[in-house]
Amino acid sequence: EITGIVRSERDTPITSFDVVYSLDGVSSSVYTFEDLDISFNTTFEFTHPELAQIEVGDHTIELTVENINGEGADDDPNNNALSAQVLCVNEIFAKNVVYEEGTGTWCGWCPRGLVGLNTMAHDYTDGSWIGIGVHNGDPMTVTEYDNGVGQFIGGYPSGVMNRENVFDPGLSSLEPAYLAAKQEIPLAKIQVTAKTWDEGSREITVDATSNFAMDLTGTSYNVAMVIVESGITGTGSSWNQANYYSGGGNGDLIDWDGTNWAELSNPVPAADMVYQHVGRVLVGGWDGIPNIIPADVVYGTPYTHVFTYTLDDEFDPAQVDLVVMLIDATTGVIANAAEVALEGGEILSPAFSADIVNGLAPLEVNFTDETVGGVATWSWDFDMDGTEDSNEQNPTYIFEGGDFDVSLTVTN
């Protein structure tokens, strides 16, 4: 649907005008809007009645307003046209946002980052928020990870979102940046499609599968995995957390659970500190593993890499999460990511069947859930309008005339 807004710069009212648009140089029909009364410096919103039929790919649309009041060519045609680039994809993937925050136990302002990551993880639990604390100069430092984040930030605490834009970890800047980033339409997604954890050998195996929303040529993507651990404590002064908010001179700093860092000491002793969301291991390195995904990718074709790693005895598997990342090797930007717990959280393989798929309206269809894995909730959309129509496991739905796509979303 091609819409626009016209603003009049004429002393006399605009009573009619023509609109035409072109898609990759091919023009639509000309449509005339009549019986108008658009006075000086007022606007009129319009919609061209002819829909643009856009195929998958990148396209240019140019829209032109002409023949004002039936008077032919405009005396100033330079402000009568606008163009836009439109990318059409086969499928809209969810955008998961990765924020890697530079922090350290020595950093007195870094409690702001601890609160930021904790609160975001508490408030956003749908998987679209992935926060990782990347430590510097303390016992939790991973040198390669520290160096990677250090390329972006100029001080502590500070962090980089999707390895593209730098933001302070305070909630006032972090939350709006995340909300904006998750609105982006990604060209790809990456998921953990299988994982195993051997408690005896402590070996982790993870299948990280990437899919693309359209055919692409000449691409370069790498795949990486980060092992993230929470609930970490230590002993000795290097585990004390410096705290410049102590005493309240720099205002309150309140975590989601009500902890106010202004009421804590400086430093907070190691015995009282529990560190969360700590990036502990880069599996595949900062840049990720190359040559996993071909340069020419095909929509509907999954590309899977199997990560293996033996977890050190010091790690608590119950506190470990696995973050897989799809990295654009050309720009270094994280195109998409996903996070799963090491233990529990069985990987689901959604599937369903219908007892009938065509017939005379009204057509009653019985759906049967055939998902593999332990499902906690079902969400059915029978007409692909984005609204849940049923949360039953095996629902029945009556369709009126037409063709319908049906989707099932399962969670555990």
Side-chain angles (χ1 to χ4, degrees), residues 96-103 117 121 127 129-136 138-152 159-163 188-211 220-232 275-294 302-329 331-345 347:
N96 297 331
V97 178
V98 178
Y99 180 74
E100 296 163 302
E101 183 230 353
T103 186
L117 264 61
W129 163 262
I130 301 172
I132 304 174
V134 181
H135 282 251
N136 166 272
D138 66 26
M140 291 167 281
T141 301
V142 177
T143 300
E144 184 180 5
Y145 212 170
D146 180 31
N147 291 341
V149 170
Q151 301 173 54
F152 293 91
V160 57
M161 192 164 286
N162 295 328
R163 298 187 183 174
K189 67 177 179 180
I190 186 169
Q191 298 171 292
V192 175
T193 50
K195 64 180 172 69
T196 59
W197 159 241
D198 188 317
E199 293 183 2
S201 66
R202 297 184 68 84
E203 184 171 270
I204 302 169
T205 303
V206 174
D207 289 9
T209 301
S210 301
N211 287 271
S220 180
Y221 285 93
N222 298 347
V223 179
M225 184 170 78
V226 181
I227 294 177
V228 179
E229 187 181 17
S230 294
I232 301 174
Y275 295 94
Q276 314 287 2
H277 321 293
V278 180
R280 298 285 264 163
V281 180
L282 287 176
V283 184
W286 167 263
D287 295 319
I289 301 174
N291 304 319
I292 301 301
I293 298 172
Y303 302 95
T304 299
H305 176 71
V306 180
F307 288 100
T308 59
Y309 183 79
T310 301
L311 197 66
D312 294 343
D313 290 340
E314 66 179 288
F315 287 63
D316 179 0
Q319 295 279 6
V320 168
D321 291 317
L322 310 171
V323 177
V324 292
M325 301 176 179
L326 183 64
I327 301 172
D328 186 328
T331 63
V333 172
I334 299 173
N336 220 330
E339 183 176 31
V340 297
L342 173 60
E343 294 188 327
I347 303 301

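Minimum interatomic distance between N336 and K189 (heavy atoms only, all atoms of both residues): ND2-CA, 3.8 Å. Taking each heavy atom of A208 and V324 in turn, the nearest pair found is CB-CG1, 3.9 Å. What you find for P302 and T209 is that their closest heavy atoms are CB-CG2, 3.6 Å. Taking each heavy atom of A224 and G285 in turn, the nearest pair found is CB-O, 4.0 Å. The minimum heavy-atom distance linking A121 with W129 is given by the pair N-NE1, 3.7 Å. Smallest separation of non-hydrogen atoms from A335 and Y221: CB-CE2, 4.0 Å.
The closest donor-acceptor contact from the side chain of E229 to the backbone of D316 lies under 3.5 Å.
Summarising the geometry, atom OH belonging to Y99 is positioned 12.5 Å from atom CD1 belonging to I334; distances are rounded to the nearest 0.5 Å. One distance of note links CD of E343 with CG of D321; it measures 11.0 Å at 0.5 Å rounding. Atom CD of residue E339 and atom NE2 of residue H277 lie 9.0 Å apart, to the nearest 0.5 angstrom. Separating the OH atom in Y309 from the CD1 atom in I227 is a distance of 5.5 Å, to the nearest 0.5 Å. A distance of 8.0 Å separates OG of S220 from CG of N291, quoted to the nearest 0.5 Å. To the nearest 0.5 Å, the span separating CD1 on I204 from CG on L342 amounts to 4.5 Å.
Sorted by first then second residue, the salt bridge (charged side-chain N to carboxylate O under 4.0 Å, His left out) pairs that include residues 304-313, not counting sequence neighbours, are R202-D313.
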task: Walk me through it: do D146 and T143 pass the test side-chain contact (heavy atoms from CB on, under 4.5 Å)?
output: CA-CA 5 Å; D146 180 31; T143 300; 5.6 Å; no
message: side-chain contact (heavy atoms from CB on, under 4.5 Å), that's the test. Do F315 and V281 meet it? Break it down for me.
response: CA-CA 11 Å; F315 287 63; V281 180; 4.0 Å; yes
- request: For ring pair (Phe, Tyr, Trp, His ring centres under 6.0 Å), just list the numbers for F307 and H305, CA-CA rounded to whole Å, side-chain angles, deciding distance to a tenth of an Å, and then say yes or no.
  value: CA-CA 6 Å; F307 288 100; H305 176 71; 4.6 Å; yes
- request: Check step by step if side-chain contact (heavy atoms from CB on, under 4.5 Å) holds for V98 and N162.
  value: CA-CA 5 Å; V98 178; N162 295 328; 4.0 Å; yes
task: Please report the C-alpha distance between V134 and V142 in whole Å, then the side-chain angles of each, then the deciding distance to 0.1 Å, and finally whether the side-chain contact (heavy atoms from CB on, under 4.5 Å) criterion is met.
output: CA-CA 8 Å; V134 181; V142 177; over 6 Å; no
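Looking at R280 and I232, their side chains come closer than 4.5 Å, going by heavy atoms from C-beta outward. For the pair I289 and N222, the minimum side-chain heavy-atom distance is 4.5 Å or more. Using a 4.5 Å heavy-atom cutoff, the side chains of L326 and V223 are in contact. You'll find the side chain of V97 reaches within 4.5 Å of the side chain of M161, heavy atoms only.
Note: Y275 and H135 have perpendicular aromatic rings, judged against thresholds of 30 and 60 degrees for the angle between ring planes.
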